[in-house]
Amino acid sequence: MAQEWAISFYHSPAWKHNRKAYMERAIDTPFGLVPPMMCERCYANGKLKPAKVVHHVIHLNPQNINDPNITLSFDNFQRLCQDCHASVHTGYEPPRYAFDADGNLIEKKD
């Protein structure tokens, strides 16, 4: 959920336009060309997973929320899936293992 000081920015036409444009373009990275709408971190790890979030690499705060070089610049964006975004902000990593119907430990596949 957006902080109170950021709500108007996230509802702005400029953010909506730039977010959509960034999601829909291929991204050239050292790991290759990331297809549109795909998570950049997952792609760097050899996985192809849909992105859900355009993340600000330099996190937004009350001091920079009105700086378009930070808020609207593609250079400060990264497409992430929900798991990668949670990992960036909280250190959360999704579990790598689960249990099958018989209670046996199995490795989860993405």
Side-chain angles (χ1 to χ4, degrees):
M1 195 73 174
Q3 299 288 327
E4 185 69 32
W5 47 264
I7 291 173
S8 63
F9 166 74
Y10 284 116
H11 286 91
S12 72
W15 167 247
K16 290 177 183 180
H17 171 80
N18 280 27
R19 182 192 184 284
K20 182 179 187 301
Y22 191 77
M23 287 292 272
E24 293 176 347
R25 67 182 270 174
I27 306 295
D28 194 13
T29 73
F31 308 103
L33 198 61
V34 183
M37 308 297 288
M38 294 294 129
C39 176
E40 294 176 48
R41 274 183 79 182
C42 285
Y43 190 84
N45 290 311
K47 299 181 230 168
L48 200 55
K49 191 171 177 183
K52 300 286 184 188
V53 176
V54 173
H55 170 71
H56 288 93
V57 177
I58 298 172
H59 296 185
L60 301 186
N61 60 51
Q63 290 72 41
N64 67 23
I65 191 69
N66 294 311
D67 183 348
N69 293 315
I70 293 176
T71 59
L72 298 174
S73 172
F74 282 15
D75 292 336
N76 192 37
F77 291 170
Q78 186 178 36
R79 281 194 312 251
L80 300 175
C81 65
Q82 202 64 44
D83 288 338
C84 287
H85 194 242
S87 176
V88 167
H89 282 283
T90 67
Y92 166 80
E93 293 291 336
R96 292 179 27 213
Y97 297 92
F99 295 95
D100 67 15
D102 297 321
N104 299 309
L105 187 64
I106 56 172
E107 187 170 358
K108 288 181 77 174
K109 307 268 192 256
D110 283 334

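- Judged by distance alone, with hydrogens and angles left aside, the side-chain atoms of Tyr22 form no donor-acceptor pair with the main-chain N or O of Leu72 at under 3.5 Å.
- Note: the hydrophobic cluster containing Phe74 also contains Ile27 (ILVMFWY, side chain heavy atoms under 4.5 Å, direct or indirect links).
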Given Thr71 and Trp15, is the side chain to side chain contact (heavy atoms under 4.5 Å, CB included) satisfied, shown in steps?
CA-CA 8 Å; Thr71 59; Trp15 167 247; over 6 Å; no
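- Between the CG atom in Leu80 and the CZ atom in Arg41 there is a gap of 7.0 Å [rounded to 0.5 Å].
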Side chain to side chain contact (heavy atoms under 4.5 Å, CB included) between Val34 and Gln78, worked out:
CA-CA 11 Å; Val34 183; Gln78 186 178 36; over 6 Å; no
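- Here the OG atom belonging to Ser73 is positioned 8.5 Å from the CD1 atom belonging to Ile58, to the nearest 0.5 angstrom.
- The structure places CG of Leu60 at 4.5 Å from CD1 of Ile65, a figure rounded to the nearest 0.5 Å.
- For Ala44, the side-chain contact (heavy atoms from CB on, under 4.5 Å) criterion is met by Phe31, not counting sequence neighbours.
- The hydrophobic cluster containing Val57 does not contain Val54, counting ILVMFWY residues as joined when their side-chain heavy atoms lie under 4.5 angstrom apart, directly or transitively.
- Of the possible polar contacts, none joining the His17 side chain to the Pro13 backbone as a donor-acceptor pair under 3.5 Å is found.
- Taken from CG in Asn61 to CH2 in Trp5, the straight-line distance is 5.5 Å, to the nearest 0.5 Å.
- Lys20 meets the salt bridge (charged side-chain N to carboxylate O under 4.0 Å, His left out) test with Glu24; sequence neighbours excluded.
- With hydrophobic clusters built from ILVMFWY side chains whose heavy atoms lie under 4.5 angstrom apart, Val88 does not share a cluster with Tyr10.
- Contact between Pro36 and Ala26 at its shortest, heavy atoms only, is CG-N, 3.9 Å.
- A distance-only check finds no donor-acceptor pair linking the side chain of Ser87 to the backbone of Asp83 [under 3.5 Å].
- Minimum heavy-atom separation, Cys84 to Cys39: SG-SG, 3.7 Å.
- A distance-only check finds no donor-acceptor pair linking the side chain of Asp75 to the backbone of Asn69 [under 3.5 Å].
- Between the Arg79 side chain and the Glu40 main chain, no donor and acceptor come within less than 3.5 Å of each other.
- Within the 6.0 Å centre-distance limit, the rings of Phe77 and His56 are counted as a close aromatic pair.
- Closest of all the heavy-atom pairs between Lys52 and Gln82 is CB-OE1, 3.8 Å.
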